[in-house]
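Here the structure is laid out as structure tokens; the discussion comes afterwards.
Whatever order the structure lists them in is the order used to number ligands and atoms, beginning at 1.
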Amino acid sequence: MKLQLLDLKAQYETIKEEIKEAVINTIESGHYILGPQVKKLEEDIAKYCGVKHGIGVANGTDALVLTLKAFGIGEGDEVITTPFTFFASAETVSQVGATPVFVDVRPDTYCIDADKIEEKITSRTKAIIAVHIFGQMCDMDKIMDIANRHKLIVIEDACQAIGAEYKGKKAGSIGHAACFSFFPTKNLGGYGDGGMVVTNDDEIAQKIRMLRFHGSKIKYYHDMIGYNSRLDEIQAAILNVKFKYIDEWNNARKEKAHVYNELLRGTKCVTPYEDSKCKHIYHLYILQHENREELLKYLNENGVATGIYYPVPLHLQNVYKNLGYNEGDLPVSEMLSKRTFAIPLYPEITFDQQKYVADLIKKFDNN
Ligand SMILES: *Cc1c(COP(=O)(O)O)cnc(C)c1O
């Protein structure tokens, strides 16, 4: 048996005709930039999240950059986030000229440890980027409370968490703004790059609309230095088709994650923890194992693809040497980076495929 981490072709097979029609219709419509497909997706995702505005942008990274810019974050400012995430969560802070300040994650949810945020707040701190890692939301009550007391902006990095919930509220609806990615492997993925910012703040929404379009409200009249960062109309047409299935797909991921939990009972793997306040949408199914490298080698040799998320915590990345962190500073993230990995999970995976993976892990543990 051969298993990919994610089988995008299997998903395409289930929606092929709709996708072809949507793409061809868009090409034939003659609207290629910020047309009706982008507008529809913006409205539908804003409504889904329960917020006023959705602004389609070129990718999730730009969603973060434009949001930081819109809130006026830049040179001299500090932004708190975690080191156990995709690089863009911190890279974007650096891109706007601010400094990322890393707070360790919780050993169970892998999200920011809210109890460790306040000790890192200084007079320069402007924002917290709360990363809903692997599809489970951060402890938003605690984060919003800290932010309110210290007058900080909260940006949800919801790139891995569209449809996830915290106390019944959707990812993207709690912070001052939130960022989504439609990178092909995300739970709502296009066939190329894409992203979106959602917010209830009229002024921020307006600024992001301008920033994505060369700082312009009216074509050829420029009020600020902006970017060319728009969600592509053809990608939006594809995403409008896929968005109809997002709950179905997220629920299937969750069910299949629970199947793995059962199958892996009694192995040496630490299975994912679900916070009872949250709906986890399993962007990735992440395990911990004390002998990760050998186990992954064994799985790969037997046709099972795996992924390491994330092998180097951001505070120990070469590019951030200047920030002055040392090994041991953020021990939970460092421990996780040595132990965590993903096994194949997607809505279309079959029980037999999951059993094959689990049986291999059992065999490995018993040898
Ligand atoms: C994917 C991702 C991003 C960046 O999104 P792109 O669309 O690839 O630019 C940012 N943050 C997190 C947590 C992500 O997983």
Side-chain angles (χ1 to χ4, degrees), residues 5-6 8 38 41 45 54-69 79-96 100 102-103 105 109-112 127-138 140 143 154-164 171-172 175 177-198 208 211-212 227-232 235-236 238-239 242-243 250 253 280-286 307-315 317 319 333 336-337 340 342 345-346:
L5 207 48
L6 180 65
L8 291 172
V38 170
L41 189 71
I45 288 184
I55 307 107
V57 297
N59 52 65
T61 305
D62 278 9
L64 286 162
V65 169
L66 269 54
T67 302
L68 289 161
K69 278 269 177 191
V79 176
I80 287 174
T81 191
T82 59
F84 193 62
T85 173
F86 180 59
F87 185 50
S89 306
E91 179 190 29
T92 51
V93 173
S94 304
Q95 272 179 18
V96 303
F102 295 112
V103 168
V105 296
T109 63
Y110 313 151
C111 288
I112 194 164
I128 301 169
I129 295 181
V131 186
H132 305 322
I133 201 75
F134 306 139
Q136 179 159 252
M137 288 178 69
C138 303
M140 292 309 291
I143 292 170
V154 175
I155 300 167
E156 293 176 62
D157 181 340
C159 288
Q160 301 186 1
I162 191 161
C179 301
F180 293 113
S181 165
F182 307 128
F183 187 80
T185 59
K186 302 292 159 94
N187 286 31
L188 179 63
Y191 297 129
D193 281 306
M196 191 172 289
V197 182
V198 293
I208 293 171
L211 283 168
R212 75 172 169 185
Y227 301 82
N228 174 358
S229 179
R230 300 171 295 235
L231 175 60
D232 181 84
Q235 292 305 329
I238 290 162
L239 292 162
K242 289 185 143 199
F243 186 56
N250 278 344
R253 280 175 186 268
H280 197 323
I281 53 126
Y282 290 95
H283 169 57
L284 291 167
Y285 185 82
I286 297 291
I308 295 182
Y309 302 89
Y310 292 90
V312 183
L314 303 187
H315 66 292
Q317 291 284 351
V319 67
S333 299
L336 292 173
S337 70
T340 53
L345 180 79
Y346 40 89

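The protein heavy-atom contact nearest to atom 2 (C) of ligand 1 is Lys186 NZ, 2.6 Å. With respect to atom 10 (C) of ligand 1, the closest heavy atom belonging to the protein is Cys159 SG, 3.5 Å. Counting protein heavy atoms only, atom 11 (N) of ligand 1 is closest to Asp157 OD2, 2.8 Å. Of all protein heavy atoms, the one closest to atom 4 (C) of ligand 1 is Thr61 OG1, 3.5 Å.
For ligand 1 and Asn59, the ligand atoms under 4.0 Å from any heavy atom of the residue are 7 (O), 9 (O). Within ligand 1, the atoms closer than 4.0 Å to a non-hydrogen atom of Ser89 are 11 (N), 13 (C), numbered from 1 in the order shown. The distance from ligand 1 to the heavy atoms of Thr85 drops below 4.0 Å at these ligand atoms: 13 (C).
The backbone N or O of Val57 lies less than 3.5 Å from no partner atom in the side chain of Ser229, so there is not a single donor-acceptor pair. Judged by distance alone, the side chain of Gln160 and the main-chain N or O of Ile133 form no donor-acceptor pair under 3.5 Å. Judged purely by atom type and a 3.5 angstrom limit, Arg253 uses its side chain to pair as donor or acceptor with the backbone of His283. A side-chain donor-acceptor contact under 3.5 Å links Gln235 to the backbone of Tyr191. A donor-acceptor pair under 3.5 Å links the side-chain atoms of Asn250 to the main chain of Ile162, judged by distance alone.
Aromatic ring pairs are classed by plane angle as parallel below 30°, tilted from 30° to 60° and perpendicular above 60°; the pair Tyr110 and Phe134 is perpendicular.
Val93 places a side-chain heavy atom less than 4.5 Å from the side chain of Leu68.
Checked by distance only, ligand 1 and Gly60 come closer than 3.5 Å through their nitrogen or oxygen atoms. Close N/O approach between Gln160 and ligand 1 is found [any backbone or side-chain N/O within under 3.5 Å].
For atom 8 (O) of ligand 1, the candidate residues are Phe183, Tyr310, Tyr309; the nearest heavy-atom contact is made by Phe183.
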